[in-house]
> 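Dumping the structure here so I can ask a few things about it.
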Amino acid sequence: MTTSKNREFEVKKTEQEWQESLTQEQYCVLRQHTTERPHTSPLNKEYAQGTYLCAGCGQPLFVSGTKYNSGTGWPSFFNPIEGAIDISVDKSLFMTRMEVHCSRCGGHLGHVFDDGPKPTGKRYCINGVALKFIPESESTVSE
C-alpha cells in the first residue's frame, strides 16, 4: 500500500468531466469524500463470485473471495488486489481514520480498520456506490 497524499494519478479528469461521467451519488463519494448511507447498497448483499471495480475508472480493486459480511452496512473486504488502493490519513469528524483510495484515479472508496477477520485482520469498509461488480463469468482477475 502507498499513500495518496500529493500523488499523481494515471486517470486525470477535470471536475466537470468527473461530474459528467459519474452519477451524483458516485461523484459525491468518489470525488468529495462523502459516505453513502449504510444498508443502501445492493452490493452489500452481493455474494456471487466476481471482481469489484472502481466505479470511477474501472480498475479492479477486490475479488469476491475477500468479501465478508461485517454487519456494518457497507460492503467489506479483508484484502485488496495488490497495488489497487492507496491509503491516506483522514482527520475529519473529530477522529483519525485511514482513508482508502483507488490507486489509479484517486477516488475515495471508504476506510480501513484493524477489526477484520484473519488472515489480514483488516476491514476495508467500502462505499458500494464507489464500486462496480463484474460477475466471474465476465471477470479477468483471478483470486
> Are a donor atom and an acceptor atom from the side chains of Ser21 and Lys13 found within less than 3.5 Å of each other?
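Side chains of Ser21 and Lys13: pair found under 3.5 Å.
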> Do you reckon Val89 sits in the same ILVMFWY cluster as Leu109, going by side-chain contacts under 4.5 Å, direct or chained?
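Same cluster.
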> Look at the rings of Tyr52 and Phe133 and say which category their plane angle falls in: under 30° parallel, 30 to 60° tilted, over 60° perpendicular.
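Geometry flag for Phe133 against Tyr52: tilted rings.
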> Within the structure provided, determine whether His108 and Leu30 are in side-chain contact (heavy-atom separation under 4.5 Å).
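No, side chains not in contact.
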> Measure centre to centre between the rings of Phe62 and Phe77, then say whether the value is under 6.0 Å.
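Under 6.0 Å, so yes.
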> For the residue pair Ile134 and Leu53, establish whether any side-chain heavy-atom pair is separated by less than 4.5 Å.
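Yes, side chains in contact.
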> Can Phe113 be reached from Leu61 by stepping across I, L, V, M, F, W or Y side chains whose heavy atoms are under 4.5 Å apart?
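No, it is not one cluster - the side chains of Leu61 and Phe113 are not joined through contacts under 4.5 Å.
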> Considering only Ile, Leu, Val, Met, Phe, Trp and Tyr, and joining two whenever side-chain heavy atoms are under 4.5 Å apart, list the other residues clustered with Val129.
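Result for Val129 is Val29.
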> If you look at every heavy atom in Arg123 and Asp115, which pair is closest and at what distance?
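Smallest interatomic distance, heavy atoms only, reads NE-OD1, 2.8 Å.
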> I need the Lys132 NZ to Cys57 SG distance, nearest 0.5 Å.
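Atom-to-atom, Lys132:NZ and Cys57:SG are 11.5 Å apart.
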> Nearest heavy-atom pair of Ala55 and Gln26: which atoms, and what distance?
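The pair with the smallest heavy-atom distance is CB-NE2, 3.5 Å.
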> Could you list who else is in Tyr68's hydrophobic cluster, with ILVMFWY side chains joined at under 4.5 Å, directly or through other members?
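Phe78, listed by chain and number.
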> What about His111 and His101, are their ring centers closer than 6.0 Å?
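No; His101 has its ring centre 6.0 Å or more from that of His111.
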> Run the numbers on Tyr27 and Glu25 for side-chain contact (heavy atoms from CB on, under 4.5 Å), then give the verdict.
CA-CA 5 Å; Tyr27 179 78; Glu25 190 176 19; over 6 Å; no
> Out of curiosity, Cys102 SG to Ile126 CD1, how far, rounded to the nearest 0.5 Å?
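It comes to 11.0 Å.
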> Determine the minimum heavy-atom distance between Phe9 and Lys12, stating which atoms define it.
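Heavy atoms of Phe9 and Lys12 come nearest at O-CE, 3.0 Å.
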> Looking only at heavy atoms, what is the nearest atom pair of Asn79 and Thr66, with distance?
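Minimum heavy-atom separation between Asn79 and Thr66: O-OG1, 3.2 Å.
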> Consider only side-chain N and O atoms of Gln16 and Glu20, and report whether a donor and an acceptor are under 3.5 Å apart.
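Yes, a side-chain donor-acceptor pair sits under 3.5 Å.
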> What's the shortest heavy-atom distance between Thr72 and Ser76, and which atoms?
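Closest approach of Thr72 to Ser76: OG1-OG, 3.8 Å.
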> Is there a side-chain contact between Cys105 and Cys54 in this structure, where contact means two heavy atoms from C-beta onward sitting under 4.5 Å apart?
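SC-SC contact between Cys105 and Cys54 confirmed.
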> Just checking, any donor-acceptor pair under 3.5 angstrom between side chains of Gln59 and Ser103?
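Yes, Ser103 and Gln59 have a side-chain donor paired with an acceptor closer than 3.5 Å.
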> Main chain of Ala84, side chain of Glu82: is a donor-acceptor contact present, judged purely on distance under 3.5 Å?
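No: the side chain of Glu82 does not pair with the backbone of Ala84.
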> Identify the two heavy atoms, one from Met98 and one from Ile87, that lie closest to each other, and give their separation to 0.1 Å.
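Result for this residue pair: CE-CG2, 3.3 Å.
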> So, the side chain of Trp74 versus the backbone of Glu36: is there a donor-acceptor pair under 3.5 Å, distance only?
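Looks like yes, one N/O pair under 3.5 Å.
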> Return yes if some donor-acceptor pair links the side-chain N/O of Lys67 with the main-chain N/O of Asn44 below 3.5 Å, else return no.
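Answer holds: yes.
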